[in-house]
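See below for the structure under consideration.
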Amino acid sequence: MKRIIAVLMSMIMMFTFTACGEDTATSNSNQTPNDTEEKIVIRVGTTAEPDGHYVKGLEQFKSKVEEYTQNRVEVQIFPSAQLGNERDLVEGVGLGTLEMAISSSGPLPNFSKDFLLFDLPFIITDREIAYEVMDGEVGQSILSSLESSGIKGLGFWENGFRHISNDKKEILVPEDVAGMKIRTMENPIHIETFKLLKSIPTPMGWSEVFTALQQGTIDGQENPLIIFDTNKLEEAQKYISLTGHFYSPAVTMINKATFDNYPEDIQEAILRAEKEAKEWEREYSQSLDKELIETIKGKGVTISEVDKVLWQEACQPVYDLFSDQINPEYIKALTGK
């Protein structure tokens, strides 16, 4: 009898230890150690191609953010308008359906009139002066104006000086563009500028442009050389005129509520990484310009220098059209006038 009782007690103890072990294992499996905590994922959208200057800059940003956060943050880059055209991207960031984007300044006046400043023709002719203004008090004030749309502007990156390309003829003087259908961004100053030049501005999303050029829906477009090259526009355009009529900065942005909810050290890492990536991207973009002229010429494209004074004079009336919408102090900061 005693032996039977002993066996029963032993079985009860084994069952108890096993059950306790299972509870412990279950409990441990539900715990998340600090070194395995779920990563923060930041998706960044852009319309640029994978080998474009935006994406190369974003790769720098990704590397630095992940380094500075010890891989607690993962940055995912979506190029080639995978997440939409620039206006779609900006709207997505504002709504919080997308964490981050980089966009040219073109669609931003739809969200804050302050960005009209950068779209005035020939308002910027010197990059270094532009950098000082954009990184200084004026630039930061303009970025802050996006906050009412739910967007935190992080910084101004380089897009570059915009030049006119077409498949009809060599364009040298303003009169040469008259009657031509030129794709522009959905930007009021860009549209009015080309109207003033007696061309037919045709705003459309970038993802539609190459097909429109091939089909002859439009005659030409205007963009920095890097955009022309990485999108292989030489297949549809045989002439480029180095007008430099607009200097187009790009803006990196993040949903403000999302950013504000990050821990302070994550916020600091993002700001630090953006600043360093911005500086790298600007230098990279500048270094490409001279190289790209020769590269594009080698693809059979005629590249022409123009008398920019003639173009500046032809575009000057645009300033009067928008004088009541742009802070004169901002214009003075860029021009000294």
Side-chain angles (χ1 to χ4, degrees), residues 31-80 82-83 86 89-90 92-105 108 127 130-137 139-147 149-159 226 249-288:
Q31 292 176 356
T32 306
N34 290 334
D35 59 352
T36 60
E37 67 183 21
E38 187 175 353
K39 285 186 177 181
I40 294 171
V41 175
I42 298 178
R43 295 166 301 150
V44 189
T46 175
T47 59
E49 294 302 305
D51 55 349
H53 52 337
Y54 290 179
V55 177
K56 290 188 180 297
L58 288 173
E59 288 169 350
Q60 294 289 318
F61 174 75
K62 170 183 170 68
S63 175
K64 292 175 185 297
V65 167
E66 293 175 357
E67 175 189 349
Y68 297 154
T69 62
Q70 291 79 50
N71 291 314
R72 291 162 57 204
V73 175
E74 177 185 354
V75 176
Q76 298 176 352
I77 303 168
F78 294 86
S80 306
Q82 291 178 41
L83 303 182
E86 287 190 325
L89 295 175
V90 179
V93 173
L95 293 170
T97 56
L98 176 64
E99 291 80 32
M100 277 190 67
I102 179 170
S103 168
S104 69
S105 60
L108 293 179
R127 278 185 170 99
Y131 294 161
E132 289 179 14
V133 173
M134 291 187 293
D135 295 342
E137 185 178 341
Q140 297 314 298
S141 176
I142 293 173
L143 289 176
S144 296
S145 69
L146 290 172
E147 292 186 1
S149 297
I151 298 169
K152 179 177 178 62
L154 296 174
F156 289 96
W157 288 26
E158 174 90 355
N159 189 5
I226 181 66
V251 176
T252 51
M253 63 195 76
I254 189 168
N255 178 263
K256 187 176 186 304
T258 298
F259 180 84
D260 290 345
N261 285 330
Y262 288 149
E264 186 175 348
D265 62 322
I266 298 293
Q267 293 181 5
E268 291 174 354
I270 291 170
L271 294 175
R272 177 184 175 190
E274 188 278 331
K275 182 176 184 296
E276 293 175 5
K278 172 184 67 182
E279 292 170 355
W280 183 93
E281 190 266 353
R282 285 176 175 176
E283 291 180 9
Y284 173 75
S285 298
Q286 288 190 54
S287 69
L288 281 177

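Here the closest non-hydrogen pair linking G45 and L83 is CA-CD1, 4.1 Å. In plain terms, the two heavy atoms of A269 and Y68 that are nearest each other are CB-CB, 3.8 Å. Closest approach of P50 and S80 over heavy atoms only: CD-OG, 3.4 Å.
Under the 3.5 Å distance criterion, the side-chain polar atoms of S285 are matched with a main-chain donor or acceptor of E281. The main-chain N or O of I266 is never found under 3.5 Å from a side-chain atom of T69 such that the two would form a donor-acceptor pair. Between the Q82 side chain and the P79 main chain, a donor and an acceptor come within less than 3.5 Å of each other. Judged purely by atom type and a 3.5 angstrom limit, E66 has no side-chain atom pairing as donor or acceptor with the backbone of E74. Within the 3.5 Å criterion, the main-chain N or O of Q60 finds no donor-acceptor partner in the side chain of S63. For the pair Q140 (side chain) and M134 (backbone), a donor-acceptor distance under 3.5 Å is present.
Remark: D260 CG to Q267 CD distance equals 6.0 Å, nearest 0.5 Å. Taken to the nearest 0.5 Å, the CZ atom of R43 stands 8.0 Å off from the CD atom of Q76. Atom CE of residue M253 and atom CD1 of residue I151 lie 6.0 Å apart, to the nearest 0.5 angstrom. Rounding to the nearest 0.5 Å gives a distance of 3.0 Å between OH of Y54 and CG of N159. L98 CG to N255 CG: the interatomic distance, rounded to the nearest 0.5 Å, is 9.0 Å. Considering CG of L58 and CH2 of W157, their distance stands at 4.5 Å, rounded to 0.5 Å.
The closest side-chain heavy-atom distance from V73 to I270 is not below 4.5 Å. Annotation: side chain of L271 is in contact with side chain of K152 (closest heavy-atom distance under 4.5 Å). Side-chain contact between V75 and M100 is absent, with no heavy atoms from C-beta onward closer than 4.5 Å. Within the 4.5 Å cutoff, the side chain of Y262 has heavy atoms near those of the I254 side chain. Contact annotation: the side chain of V251 approaches that of F156 to within less than 4.5 Å [non-hydrogen atoms, C-beta and beyond].
Relative orientation of the W280 and Y284 rings is parallel, given thresholds of 30° and 60° on the angle between their planes.
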Trace of the side chain to side chain contact (heavy atoms under 4.5 Å, CB included) decision for S103 with L89: CA-CA 8 Å; S103 168; L89 295 175; 5.7 Å; no

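Screening K64, K62, R282 for a salt bridge (charged side-chain N to carboxylate O under 4.0 Å, His left out) with E276, the sole residue that qualifies is K64. Among H53, R127, K278, the single residue meeting the side chain to side chain donor-acceptor pair (under 3.5 Å) criterion with E158 is R127.
Partners of K39 under the side chain to side chain donor-acceptor pair (under 3.5 Å) rule, at least two apart in sequence or in another chain, do not exist in this structure.
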